[in-house]
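Here the structure comes first, spelled out in structure tokens, and everything after it is commentary.
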Amino acid sequence: MAGTAGRRGLKDAVLVGGGHAHVIVLRRFIEKPCPGLRLTLVSDEVEAPYSGMLPGLVAGHYAFDEAHIHLRPLAARAGARFVEARVDGLDLDAGQVRLRGRAPIAFDLLSINVGSTPGMDGVPGAREHALPVKPVPAFLARWERLLERAAGSRSPLRLLVVGGGAGGVELALSAQYALERRAGADPDLRLVTGGDAILPGHGAGARRILGRILGERGVRVETGRRVVAVEPGLARCGDGGTIPFDALFWVTGASAPAWLRRTGLALDAKGFIRVDWTLRSISDARVFAAGDVASVEGEPRPKSGVFAVRQGPLLADNLRRAARGRDLRRKVPQRRFLNLIGTGDEGAIASYAGLAVEGSWVWRLKRWIDRRFVRRFNASR
Ligand SMILES: Cc1cc2nc3c(=O)[nH]c(=O)nc-3n(C[C@H](O)[C@H](O)[C@H](O)COP(=O)(O)OP(=O)(O)OC[C@H]3O[C@@H](n4cnc5c(N)ncnc54)[C@H](O)[C@@H]3O)c2cc1C
């Protein structure tokens, strides 16, 4: 089935993935519909987790509903068709999105916002014995089982977190809080990173405060130590040492979806979609990408939900313009932005341009911002 362009003047825009940019696109189309453009959202998750609230969900500070965007009603309000399916390829010649176990969908315009997953390739045993933080639904299901197991156990639960970025640190502190307060357990936490320091890409202030907090809470932090193989209950490190664990959270740097490599789209060295400042693929004018999966030419940015959110309005605008054959809008991604990182115990730090402050008021600000963000999408269910 070919796209509908040329027939009835109706164009099919297919949004792949319910990521942060796409929920903003849907919202924009609720506020201002685009006659002549038929939207379809394809997502393997019906409830999209909001990344900023994931550690708070793990800590038990949020209920599931508060931290998830309900995609089906959101799509319905935007006049978009919702297809619950996993995309596993594209046929660019035929203008089709391939779905696992279902018939393909034709597109005239395509937008990809499928995020990333922690990179496990090249680490034998990691897929089998470690628990990656994404996909989030699988992680949360296993986390709840782990909490139950810890609650019924007499010996301390040894939790190893691999990855020293903001996500790894926040998750370690949140998991420790929940294990102690929700499960009444006595966890033994260890955080290992191959990098020279925790929080690469963040300022010295944030590193100092979070390093101190990890120390005060008894989380053992080992930098410059790379896990190279995982066996049941045992992580093997590049220095020849081993670390025993009861549970291993894998929160390393972002890796791109493997199926993109077979699409023929231009990708960067890590396999992310190369887009220009309009968020359009540099190799196919019908294709757009945003969020973690996109790599903006000449302006690479850390993989962070903040950028996905910021790209949403530009993406919505340019999909509308592309549908009407108008020139696209260009925007250089912002360089500096405010980072709010939770410390697990209803505290947080704010870091900006190398400076950082901490306190419960920062957590209250973060909670207010995050709750407000999610409520905007779930408001009229
Ligand atoms: C523990 C942790 C904490 C974090 N905290 C923060 C934070 O506080 N602030 C921040 O800015 N960033 C944070 N991040 C980073 C953040 O998670 C990502 O940068 C962000 O989620 C990327 O958003 P996205 O829109 O690109 O994709 P995502 O939010 O990952 O959404 C992608 C969606 O696409 C769907 N999808 C994926 N593949 C397919 C497919 N093949 N077919 C159909 N659907 C598909 C997924 O199910 C998902 O719903 C954190 C990360 C972690 C691991």
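Numbering of ligands and ligand atoms starts at 1, following listing order. None of these values were measured; they are calculated from a predicted model.
Atom 14 (N) of ligand 1 has its closest protein heavy atom at Ser51 CB, 4.0 Å. Counting only heavy atoms of the protein, atom 46 (C) of ligand 1 lies nearest to Asp44 OD1, 3.5 Å. Protein heavy atom closest to atom 31 (O) of ligand 1, with residue, atom name and distance, is Gly19 CA, 3.2 Å. Residue, atom and distance of the protein heavy atom nearest to atom 18 (C) of ligand 1 are Asp292 OD2, 3.4 Å. Taking atom 29 (O) of ligand 1 as the reference point, the nearest protein heavy-atom neighbour is His20 CE1, 3.2 Å. The protein heavy atom nearest to atom 27 (O) of ligand 1 is Gly115 CA, 3.2 Å. At the shortest separation from atom 49 (O) of ligand 1 among protein heavy atoms lies Glu45 OE1, 2.9 Å.
Ion pairing between a basic and an acidic side chain is recognised when a charged N comes within 4.0 Å of a carboxylate O; Arg286 and Asp284 show such pairing. The existence of a salt bridge linking Arg212 and Glu358 is confirmed by a sub-4.0 Å separation between a basic side-chain nitrogen and an acidic carboxylate oxygen.
Residue contact check for ligand 1: Lys134 places a non-hydrogen atom closer than 4.0 Å to it. Using a 4.0 Å heavy-atom cutoff, Trp259 is listed among the residues neighbouring ligand 1. Residue contact check for ligand 1: Gly18 places a non-hydrogen atom closer than 4.0 Å to it. At a 4.0 Å cut-off, not a single heavy atom of Ala294 sits close enough to ligand 1 to count as contact.
Linking ILVMFWY residues whenever their side-chain heavy atoms come closer than 4.5 Å, directly or via other members, leaves Leu365 and Val309 in distinct clusters. A single hydrophobic cluster is not seen to contain both Tyr177 and Leu179; linkage of ILVMFWY side chains at heavy-atom distances under 4.5 Å, directly or through other members, places them apart.
At least one donor-acceptor pair under 3.5 Å links the side chain of Asp108 to the backbone N or O of Asp12. Using modelled atom types, no side-chain atom of Arg274 and backbone atom of Ser295 make a donor-acceptor pair closer than 3.5 Å. Side chain of Trp250 to backbone of Lys134: no donor-acceptor contact under 3.5 angstrom is found. Looking at Arg329, its side chain never comes within 3.5 Å of a backbone N or O of Asp317 through a donor-acceptor pair. With hydrogens and angles ignored, the 3.5 Å screen pairs no side-chain donor or acceptor of Glu297 with any backbone N or O of Asp276.
With Val114, Leu99, Val58 as candidates, the residue nearest to atom 37 (C) of ligand 1 on a non-hydrogen basis is Val114. Considering Val306, Asp370, Ile24, Asn113 only, the shortest heavy-atom separation from atom 11 (O) of ligand 1 involves Val306. For atom 9 (N) of ligand 1, the nearest non-hydrogen atom from the set Gly52, Ala348, Ala289 comes from Gly52.
Of all atoms in ligand 1, listed by their number and element, those nearer than 4.0 Å to a heavy atom of Val133 are 53 (C). Annotation for ligand 1: atoms under 4.0 Å from non-hydrogen atoms of Arg86 are 38 (N), 39 (C), 40 (C), 41 (N), 42 (N). Counting atoms of ligand 1 from 1 in the listed order, those under 4.0 Å from a heavy atom of Gly291 are 26 (O). For ligand 1, the atoms closer than 4.0 angstrom to any heavy atom of Gly167 are 1 (C), 2 (C), 3 (C). When each atom of ligand 1 is checked for a heavy atom of Gly17 under 4.0 Å away, the hits are 34 (O), 35 (C), 44 (N). Proximity to Lys303 (heavy-atom distance under 4.0 Å) selects the following atoms of ligand 1: 19 (O). Heavy-atom contacts of Gly305 reach the following atoms of ligand 1: 10 (C), 11 (O), 12 (N), 15 (C), 16 (C), 18 (C), 19 (O), 20 (C) (cutoff under 4.0 Å).
The 12-atom threshold is not exceeded at CZ of Arg226, counting heavy atoms of other residues, nucleotides or ligands nearer than 6.0 Å. Counting heavy atoms of neighbouring residues, nucleotides and ligands inside a 6.0 Å radius, atom CZ of Arg100 does not exceed 12 of them.
Polar contact with ligand 1: present for Val87 (N/O pair, distance under 3.5 Å).
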For this session: For side-chain contact (heavy atoms from CB on, under 4.5 Å), just list the numbers for Val275 and Arg280, CA-CA rounded to whole Å, side-chain angles, deciding distance to a tenth of an Å, and then say yes or no.
Result: CA-CA 5 Å; Val275 295; Arg280 184 153 72 176; 5.9 Å; no
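Counting heavy atoms closer than 4.0 Å to ligand 1, residue Ala308 contributes side-chain atoms (C-beta onward) but none from N, CA, C or O. Contacts between Ala85 and ligand 1, counted as non-hydrogen atom pairs separated by less than 4.0 Å, involve the backbone only.
Checking Gln334 against Arg310 by side-chain atom types alone, a donor-acceptor pair falls below 3.5 Å.
In this structure, Arg320 forms a cation-pi arrangement with Phe29, its terminal cationic atom sitting closer than 6.0 Å to the ring centre and no more than 45° off the ring axis.
The six-membered or imidazole ring of His70 lies away from that of Phe377, with a centre-to-centre distance of 6.0 Å or more.
Note that atom 51 (C) of ligand 1 has no protein non-hydrogen atoms nearby, at separations under 4.0 angstrom.
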